[in-house]
Amino acid sequence: MPQIVWDDFEKIELRAGTVVRTEEFPEARKPSYKLWIDLGEMGIKTSSAQITRHYAREGLIGSQVLCVVNFKPKQVANFISEVLTTGFVLEGGVVLARPERKVPNGSRLA
């Protein structure tokens, strides 16, 4: 894996947000949920997240997640994913990366 410098890391905008809405996403190729995430002053952004193995959809409401907010939006089936919800691949599923305690929506990871 190539090493990067601090300037490379600063290009990635990782921000905390709160999941405010979820839906099933049967049109996705891999099992996923549609998420709506409140990112504070940035507004509510959408994300397609392959987290169905470890999370019940209803239990995600109110959870804070860590998102990459400066990727180009991506169309996933019939849905536009505006941010990348981050996590760790584990046993065929994804475990969410989350703040250890509640932080203001839109807070940037430094």
Side-chain angles (χ1 to χ4, degrees):
M1 182 176 307
Q3 291 188 338
I4 64 172
V5 296
W6 185 255
D7 289 343
D8 294 328
F9 176 71
E10 283 187 319
K11 292 176 186 175
I12 303 167
E13 287 245 359
L14 286 157
R15 295 192 180 258
T18 301
V19 178
V20 295
R21 178 178 162 197
T22 63
E23 288 183 9
E24 298 288 338
F25 194 6
E27 301 87 0
R29 279 187 283 153
K30 295 183 180 178
S32 303
Y33 294 135
K34 295 178 184 178
L35 305 179
W36 283 260
I37 301 167
D38 182 351
L39 289 157
E41 290 184 11
M42 296 182 75
I44 295 175
K45 303 290 182 182
T46 56
S47 182
S48 170
Q50 297 173 9
I51 55 175
T52 59
R53 180 162 180 167
H54 296 292
Y55 299 94
R57 187 176 60 81
E58 301 80 14
L60 293 166
I61 304 293
S63 295
Q64 283 200 305
V65 293
L66 190 60
C67 302
V68 177
V69 299
N70 63 331
F71 275 135
K72 182 179 176 182
K74 180 178 181 179
Q75 182 153 358
V76 180
N78 60 349
F79 185 71
I80 300 294
S81 186
E82 299 174 289
V83 300
L84 173 70
T85 303
T86 63
F88 304 92
V89 177
L90 179 67
E91 299 172 16
V94 175
V95 175
L96 291 168
R98 305 194 219 198
E100 179 232 345
R101 59 185 68 165
K102 189 161 176 61
V103 297
N105 288 336
S107 293
R108 186 170 182 185
L109 180 72

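Numbers here are sequence positions counted from 1.
With hydrogens and angles disregarded, a donor-acceptor distance shorter than 3.5 Å links the side chain of Gln64 to the backbone of Val103. For the pair Thr46 (side chain) and Ile80 (backbone), a donor-acceptor distance under 3.5 Å is present. The backbone N or O of Ala16 sits nowhere less than 3.5 Å from a side-chain atom of Ser107 that would complete a donor-acceptor pair.
Sparse packing is recorded around CZ of Arg29, with 12 or fewer heavy atoms of other residues, nucleotides or ligands lying under 6.0 Å away. More than 12 heavy atoms of other residues, nucleotides or ligands lie within 6.0 Å of CD in Gln75, so this atom counts as buried by the packing criterion.
The side-chain heavy atoms of Ile51 and Thr85, taken from C-beta on, include no pair separated by under 4.5 Å. By the 4.5 Å heavy-atom criterion applied to side chains, Cys67 and Arg15 are not counted as neighbours. Looking at heavy atoms from C-beta onward, Val69 lies out of side-chain contact with Lys45 at the 4.5 angstrom threshold. In this structure, the side chains of Leu96 and Leu60 come closer than 4.5 Å at one or more pairs of heavy atoms.
With sequence neighbours left out, the side chain to side chain donor-acceptor pair (under 3.5 Å) criterion links Thr18 to Asn105. Under the side chain to side chain donor-acceptor pair (under 3.5 Å) criterion, Ser48 pairs with no residue, sequence neighbours left out.
The two residues Thr52 and Pro31 have their closest heavy-atom pair at OG1-CB, 3.2 Å. Residues His54 and Val95 approach most closely at CD2-CG2, 4.1 Å, considering heavy atoms.
Val20 and Ile37 are assigned to two separate hydrophobic clusters, defined by single-linkage of ILVMFWY side chains at heavy-atom distances under 4.5 Å. Using a 4.5 Å cut-off between side-chain heavy atoms of Ile, Leu, Val, Met, Phe, Trp and Tyr, with links allowed through other members, Leu84 and Tyr33 fall into different hydrophobic clusters.
Annotation: ring-ring contact (aromatic ring centres under 6.0 Å, His included) contacts involving residues 75-110, sequence neighbours excluded, comprise Phe25-Phe79, Trp36-Phe79.
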Practice item. Mind running side chain to side chain contact (heavy atoms under 4.5 Å, CB included) on Ile12 and Phe71 for me, showing each step along the way? Key: CA-CA 8 Å; Ile12 303 167; Phe71 275 135; over 6 Å; no

